[in-house]
Every structure is written in C-alpha cells, then in structure tokens.
Amino acid sequence: MKDKTRHSGLHSGSRRSARTRAILLACQTGLVTMLLPLAAGLSAQTPLRWNTSGANGPLPGNFGSVYSPKATMARVYPGAGLQIQPIAANFDVHEFEKLAESLVAGQKVPGLAMAIVQGGRVVSARGYGVTDVGQPEAVDAHTVFRLASLSKSFASTATAMLIADGKLRWDSRIVDYYPTLQLSEPQATLQLDVADVLSHRVGIGSNAFDRDLEGYAEYPALVQKIAYAPMKCAPGECYAYQNIAYSLIGDVVQGASGLPFDQVVARRLFKPLGMTDASYGLEGIAASTRWAKPHIRGKRGWTAVMPKPTYYRVAPAAGVNASISDMAQWLLAQGGYRPDVLSGSLLATLHAPLIDTPGETRGSQWRRDRLNSAGYGLGWRVYDYVGHRVVFHGGAVQGYRGVIALMPERDLGVAILWNANSAAPSGLLPTILDRAIGVTPQRWLDTEPEPLEEGLYAQGLPALPEPPASSGGVEASMSNAKPE
C-alpha cells in the first residue's frame, strides 16, 4: 500500500487554511448536512467528514472533504434542504416518446434510445430507429451505445466507493499512484490530488493534448506530454475540462484497489446495479449482442463507420459502452434508489459543485435561456435551471452523442443516447425538464444546432507547446492530428 499521507508543505498555507475554514463553516452552519440528494430512503446518511488531519484535528464522517469555496451556486446547492415536489400536470411521457420517434422518422438521426425515470420507477426505456443504415436492425432497450464523456461519472463514483472503503482520500496525491507524472511546475505535481482531477481543476489548459489522442497517440505518452502544458493556475484553483488528465484517476483506482480500473467499475457498479449490457472499450462494444454503429453524414445521407479506438484509450474519461436499459438503472442509482450500492452521502458529494463554470451558461440556446449558473462537481456538471438544480453531463465522440440529467426536486432522471454526429436530439432534454417543472416549453428541437459537448472534439483548440523529440516519441503533432 502506497503512502497516501500529505506532506505538510504540499498545499500552500492559504489553500489549506481556506479549505479547512470552508469545511468548518459548512459543518457549523449545517450546510453539508443539507446535501440530501434526491429521493426517499436517503435520510439515514452516514456522518460527513473532512478526511485529513490538521491544527483542528479530523472531522467526523467520510465525504465532507471536497467542499469548496470555489463554487457559488448557493441558490440551488446546498440550499435550504431538498423538498420533493410533484411532477407538473402536463408531464406526458408519451409526448416525449413521440418526439423521439419523429427524430428518427425525419432522419435527423439513424437511431436513438431514451430512458426516463421518475419517483423511483422506470417510466420509459425504449429504442427508436436502426443500429446501422446499411444493415438495419431495430434499436431496442438493450442496444449498446458508446457513452463518451458520460463515462466520467462512473470513474468518479468508483473512486468515491474506494474512499468510503478507506482505501483512498479525496486529497490523496496523484503522484503517489503515478510516480512519473510531471506538471510543468514541480510544486503543482506534488499538490495535484484526486478531487482536483475529478473536477477538472488540474491547472492546465482545456483538453490538453486531445488532438494527439485523436492522432492515435497512446495514453502513457500523452501523460508524459502533460509536463509541457503551461500551468494556468495552481491545482484546485481554476477549471479547464480534461480527458487525458482526468484519466489519471484510472491509475489511482488500480493502485488503491489492486485491480484494473475497468474491473473495479464492473464489479462495484455494473454487476450490482444490473447493468448487464455495459462494458469498456472497443472490444466490449464489438462483443455486444446488438450495438449501434456510429454514423456520419455525407452527401447521400447517413453512413455507418467503424468506431475509432482513440478515446477508448482514456477509459475513465470516455470508455464506457451501455444500453438505455443500463442507463435507466444508473439514473435510479444516482437518484438515490440503490442505497445498498451508493450511499446518500456519497451521492451528495459527487453532485456538489466544486468550481464555477460560467461558460456553460453561454452555450446552446437552452443553456442561454434556462441556466442562471453552472458548476462542476466530481464527474458531473451542476446547473441552476431556472431555479431548479440539475445534475448533468453530455458527451460526444465520432458518430455517437448522449446526455444525462437528474432533477432532484422533481425526482426525475433522463438519459438520451444516439448514434450520429447530429445535435438534433439535444433539444429533447430541455423539453422534458420544462414539462417537469411546468415551464412553458420552447421549441428546443427547432433551435440552432447545439455545439459539441466540451471535451471530446478538440478542433479549434489552441495548440500547446510540443515537447522535445526525445521526451516521448509521439509522432502526431497538435497541428496535424486527425480529429475524431
């Protein structure tokens, strides 16, 4: 077992004291205890704890250590305690199913799958359209899709489970599990911890070296390149979305558990939650009984292509494959209905915003019109959606896209997956959320195309400095890498 004790000088005094004061304040005022996530059954939570030692000694509990003053979303989180409200009267699941059918009938996408859970029940989990326009089979509830960045919540949840087991801490140092890791500033290398990685607070620029990944570079070589990414801030101090740096958590999970990362997720999450179609990697999706092929649009319409291995190489960030039946179970678990697997305090910690992400409020039309504020937690985004908390993530790789969202106040969860590089189905989500809270819905399916989810396409990103040729032997450069 590696030594996971922080050396006293690794964080600056100001950062440590700020965090400690924030936790003490939260505990004293009762804010942390108000992190009740979604549903009935979560009232018997274990006590929360700042899991470290210092001048004030350790605090009781398991999950309080990631509270951060860097997020200001007090309006929706922690708030004044969750009050579950009835779903709005005009919430009609059949309406949403008809909208999904219209998307495939109008050839907006070849295939789509959607799950809606509410009040602890799966009220819809269906497939629409076809898996492959060339060799069409109907998409059903067990058709497997790539999840792309929806995978990040599986990595953060598995990590939280190891923390609950006492095998890790939120402030465990990444370098203790990946000893050759180097950031451009040595002190930053020593500071970087588990919570920083899972909340995209590494301190380097957004999507660092994703273009090299899209150029088929291997993960170990890409980690070496991180040493040449300029630091924008100290770890924990600013937000910038990552895929390669995020995937360092896979090495941490393996080091702490003694098992490969994908096996930990399969044993701790897929199997106990009944996610029988879920897998990791290109081999996993290819071995599925029925899976949706990725599609790109050409002059003659949709064309099926073979999945690329590139983002599968960063499995914690983008490696999961799953069916909509699996995603319905994931929504129930993240909504608090599987306390035998995921405790309430664990979920509250994952869904707590750690840093503001105001750029999200300037994204697609529904974000501009509906979001008052946005933040990032641990593998999840957290939105103020016209005064209602929404826990969200989106993802995209070539030929696949998806969104997932939880609205705690209405005890609602939604997941939508599709097998095309179209943004058209994205408008389904705000349509459903609007109906749930009784807001007059806009014609979101008719608005301008939504930009790709931040993180899984690197086109247009500024180039980062290239390391010396002797540092890793990666041939693909930032300027000529093939975009996925």
Side-chain angles (χ1 to χ4, degrees), residues 87-88 90-133 135-148 150 270 273-279 285 288-295 302 304 320-335 337 392-396 399-407 410-420 422-436 441 444-445:
I87 210 81
N90 63 349
F91 188 85
D92 184 355
V93 172
H94 296 299
E95 174 193 355
F96 311 136
E97 291 175 336
K98 289 179 181 178
L99 289 172
E101 290 172 352
S102 70
L103 286 167
V104 297
Q107 299 185 352
K108 297 289 186 180
V109 290
L112 180 147
M114 180 173 66
I116 303 173
V117 305
Q118 202 279 319
R121 297 185 306 111
V122 179
V123 296
S124 181
R126 289 182 49 192
Y128 309 84
V130 297
T131 61
D132 182 342
V133 294
Q135 298 177 316
E137 291 185 75
V139 174
D140 63 20
H142 293 281
T143 299
V144 174
F145 292 75
R146 284 183 78 169
L147 297 192
L150 274 59
F270 294 165
L273 294 178
M275 299 178 66
T276 57
D277 303 314
S279 65
I285 197 170
S288 301
T289 302
R290 178 175 295 189
W291 57 284
K293 307 304 185 295
H295 289 74
W302 293 112
V320 177
N321 313 299
S323 68
I324 207 64
S325 175
D326 295 327
M327 296 307 289
Q329 297 308 310
W330 187 236
L331 287 167
L332 290 173
Q334 290 288 326
Y337 284 96
F392 169 89
H393 219 287
Y400 295 98
R401 294 194 65 174
V403 292
I404 185 171
L406 299 150
M407 181 176 275
R410 305 296 167 140
D411 204 359
L412 174 71
V414 181
I416 308 167
L417 310 173
W418 59 100
N419 61 339
S422 167
S426 300
L428 269 176
L429 178 63
T431 300
I432 295 170
L433 297 181
D434 283 358
R435 290 291 193 194
W444 300 120
L445 290 169

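Treat the numbers as computed from the prediction; the structure is a model and nothing was measured.
- Proximity of a side-chain donor or acceptor of D277 to a complementary backbone N or O of V144 within less than 3.5 Å is not detected.
- L331 CG to I404 CD1: the interatomic distance, rounded to the nearest 0.5 Å, is 4.5 Å.
- The NE2 atom of H142 lies 12.5 Å from the OG atom of S288; values are rounded to the nearest 0.5 Å.
- Of the possible polar contacts, none joining the N419 side chain to the G399 backbone as a donor-acceptor pair under 3.5 Å is found.
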Worked verdict on M114 versus I432 for side-chain contact (heavy atoms from CB on, under 4.5 Å): CA-CA 11 Å; M114 180 173 66; I432 295 170; 3.9 Å; yes

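- Using a 4.5 Å heavy-atom threshold, the side chains of M327 and L147 count as touching.
- Annotation: side chain of L429 is in contact with side chain of F392 (closest heavy-atom distance under 4.5 Å).
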Could you go step by step and tell me if V104 and V109 meet the side-chain contact (heavy atoms from CB on, under 4.5 Å) rule? CA-CA 5 Å; V104 297; V109 290; 3.9 Å; yes

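- Of all heavy-atom pairs spanning I285 and F145, the tightest one is CD1-C, 4.2 Å.
- A salt bridge is absent between K293 and E137: the closest approach of a Lys/Arg side-chain nitrogen to an acidic carboxylate oxygen does not fall below 4.0 angstrom.
- The local environment of CD in E97 is crowded, with over 12 non-hydrogen atoms from other residues, nucleotides or ligands closer than 6.0 Å.
- To the nearest 0.5 Å, atom CD1 of residue I324 and atom CH2 of residue W418 are 10.5 Å apart.
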Going through the checks in order, is the side chain to side chain donor-acceptor pair (under 3.5 Å) test met by T431 and D434? CA-CA 5 Å; T431 300; D434 283 358; over 6 Å; no

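- A salt bridge does not link D92 to R435: none of the charged nitrogens lies less than 4.0 Å from a carboxylate oxygen.
- Interatomic distance, CH2 of W302 versus CD of Q107, reported as 10.0 Å (0.5 Å rounding).
- P425 and I416 make their closest contact through O-CD1, 4.5 Å (heavy atoms, listed as atom of the first residue, atom of the second, distance).
- The two residues L150 and L417 have their closest heavy-atom pair at CD2-CD2, 4.0 Å.
- Counting only heavy atoms from C-beta outward, the side chains of D326 and Q329 never approach each other to under 4.5 Å.
- When side chains are defined from C-beta on, D140 counts as touching R290, because their heavy atoms get closer than 4.5 Å.
- Side-chain atoms of L428 and L103, non-hydrogen and from C-beta on, do get closer than 4.5 Å to each other.
- With a 4.5 Å cut-off on side-chain heavy atoms, T143 and S323 do not count as touching.
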The test is side chain to side chain donor-acceptor pair (under 3.5 Å); show your working for Y337 and D411 and say whether it passes. CA-CA 10 Å; Y337 284 96; D411 204 359; 2.6 Å; yes

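- N321 and R146 get closest at one heavy-atom pair: OD1-CG, 3.7 Å.
- To the nearest 0.5 Å, the span separating CD on Q334 from CG on L273 amounts to 9.0 Å.
- Closest heavy-atom contact between L112 and A100: CD2-CB, 3.8 Å.
- Listed for the R401 side chain is no donor-acceptor partner under 3.5 Å among the backbone atoms of G394.
- Checked by atom type and distance alone, the side chain of Y400 never pairs as donor or acceptor with a backbone atom of G395 at under 3.5 Å.
- Here the shortest heavy-atom pairing between V93 and I116 reads CG1-CD1, 4.4 Å.
- Separation of atoms CG (L445) and OG (S102) is listed at 6.5 Å; rounding is to 0.5 Å.
- A heavy-atom distance below 4.5 Å is found between the side chains of R126 and E101.
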